[in-house]
2 protein chains.
Amino acid sequence: MKSDSSTQESATSSPRLTRNQQAVLDVLHQQADALSAQELHSLLREQQAIGLATVYRALETLKLHGLIKSRMGANGEALYSPVVSDQHYLTCLQCGQSFPLDHCPVQELETHLQPSVPFKVYYHTLEFFGLCEPCNHQIPQ
Amino acid sequence: MKSDSSTQESATSSPRLTRNQQAVLDVLHQQADALSAQELHSLLREQQAIGLATVYRALETLKLHGLIKSRMGANGEALYSPVVSDQHYLTCLQCGQSFPLDHCPVQELETHLQPSVPFKVYYHTLEFFGLCEPCNHQIPQ
DNA sequence: TGGGCGAATGATAATCATTCTCATTATACT
DNA sequence: AGTATAATGAGAATGATTATCATTCGCCCA
Ligand SMILES: [Mn+2]
Ligand SMILES: [Mn+2]
Ligand SMILES: [Zn+2]
Ligand SMILES: [Zn+2]
């Protein structure tokens with residue numbers, strides 16, 4: 001179970017990925033949940049030498065190629081995941097916990113989407129915010 | 001059309017807002033587009049003395065009360081808007097420009113939502129990412 | 001009406017994820 | 001091999017957001 005240098009298909013034509021970009025993408029594909037850049041860096045370091053800046057640059061490139069997406073974590077860090085994982089969450093505004101939805105409510109909407117401007121859609125983000133059961137009770141007032 | 005100190009109704013029971021929290025909320029209601037915390041601070045300063053920290057604290061409180069929501073701007077700053085404005089965007093991954101959608105595709109979905117866990121939903125965020133027409137051509141490869 | 005107290009505020013420092021710089025190294029191509 | 005170009009890493013810089021902490025405000029009640 002290692003370096004699948006096969007993870008390629010995407011929204012773009014033909015992404016020529018560097019070894020590091022491919023390594024980042026592979027780790028993201030191996031993980032069940034979204035990872036922060038720094039978590040990614042730690043995981044990658046277990047197998048090879050790589051700088052943090054390179055991880056950030058790889059993430060930027062992969063995102064521009066429509067291969068990965070990101071959402072904002074509770075503590076102000078971006079969480080990255082492959083575009084193919086169409087996963088959404090209920091997120092608590094108080095404690096930051098995220099509860100996964102069991103299916104995407106806008107899957108087919110994206111294809112039917114009729115933008116008023118020409119635009120090439122790679123992916124979407126959808127998230128519901130509110131209060132989880134415990135937090136809903138201990139809210140002041 | 002000015003300072004409605006009446007902007008109150010929300011998802012929560014009875015939000016007792018401070019003068020500053022109300023001022024922040026009022027400015028957000030007056031603006032057509034989402035504002036960053038620092039833009040808000042500048043606008044508020046035109047009418048009254050208020051510290052930047054207070055603006056951030058007001059935003060946090062208003063968010064916890066389900067009165068406002070935020071999305072990540074292109075340059076790493078959070079953009080705040082009232083929850084009542086159900087507006088979504090196509091955002092370009094390359095240049096950061098945002099193009100508004102003309103209607104929300106998940107409006108009624110939110111009410112029908114059947115979470116696997118008890119959860120009080122205040123609002124949702126939905127955004128489509130990709131490349132705008134100009135950027136789609138000048139992408140390397 | 002004045003005192004007391006907890007919440008709110010503001011100035012400022014601290015935090016910390018992300019980005020920038022720049023010297024070095026790998027890669028592609030002839 | 002030799003050169004041009006892109007990628008990399010270490011570390012410094014950036015900048016939005018948070019934490020501190022001393023001061024002030026709003027509010028209740030004797
Ligand atoms: Mn989806
Ligand atoms: Mn909506
Ligand atoms: Zn919670
Ligand atoms: Zn663009």
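These numbers come from the heavy atoms of this one structure, side chains and all, not from hydrogens, waters or symmetry mates. Within every chain, numbering begins at 1; the chains are lettered A, B, ... in the order of the sequence lines, protein sequences first and strands thereafter.
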Expressed in angstrom and rounded to an integer, what is the separation of R16(A) atom CZ from dA7(D) atom P? 12 Å
Below the 4.0 Å mark, does dA7(D) have OP1 or OP2 next to a side-chain nitrogen or oxygen of T18(A)? no
Separation of dG10(C) atom P from Q21(B) atom CD, nearest Å, is 12 Å
With the side chain of A53(A) defined as its heavy atoms from C-beta on, choose the nearest nucleotide among dC20(C), dT8(D), dT27(C). dC20(C)
Taking 4.0 Å as the cut-off, does a side-chain nitrogen or oxygen of T54(A) come that near to OP1 or OP2 on dA7(D)? no
Please report, rounded to the nearest Å, how far the C1' atom of dT8(D) is from the CD atom of E60(A). 15 Å
Between atom CD1 in I50(B) and atom P in dC25(D), what is the gap in whole Å? 15 Å
Verify ring pair (Phe, Tyr, Trp, His ring centres under 6.0 Å) between H124(B) and H88(B), making sure each step is shown before the conclusion. CA-CA 10 Å; H124(B) 61 262; H88(B) 305 286; 5.1 Å; yes
Candidates dT8(D), dT17(D), dT19(C) - which lies nearest the side chain of A37(B): dT17(D)
Start with the C-alpha distance between F129(B) and Y122(A), add both sets of side-chain angles, then the distance that settles ring pair (Phe, Tyr, Trp, His ring centres under 6.0 Å), and finish with yes or no. CA-CA 6 Å; F129(B) 290 93; Y122(A) 280 174; over 10 Å; no
Interatomic distance, OH@Y56(B) vs CD@Q38(B), rounded to 0.5 Å, equals 4.5 Å
Tell me whether the side-chain N/O atoms of N20(A) come closer than 4.0 Å to OP1 or OP2 in dT8(D). yes
How do R57(A) and L52(B) order along DNA chain D: which one's closest nucleotide is nearer the 5' end? R57(A)
Between the CG atom in L101(B) and the OH atom in Y89(B), the distance rounded to the nearest 0.5 Å is 10.0 Å
When rounded to whole Å, the CE to P distance for the pair M72(A) and dC16(C) reads 15 Å
Q22(B) CD to dC25(D) P, in whole Å, measures 20 Å
Does R71(A) qualify as a cation-pi partner of Y80(A), given the criterion of NZ or CZ under 6.0 Å from the six-membered ring centre and within 45 degrees of its axis? no
Where each residue is assigned the nucleotide of DNA chain C containing its nearest heavy atom, which of Q38(A) and G51(B) is assigned the position nearer the 5′ end? G51(B)
The nucleotide from dA26(C), dG10(C), dT18(C) with an atom nearest the side chain of Y56(A) is dT18(C)
Measure from CG on L17(B) to P on dA8(C) and round the result to the nearest Å. 11 Å
Whole angstrom is fine here: how far is it from CD in E77(A) over to P in dT15(C)? 17 Å
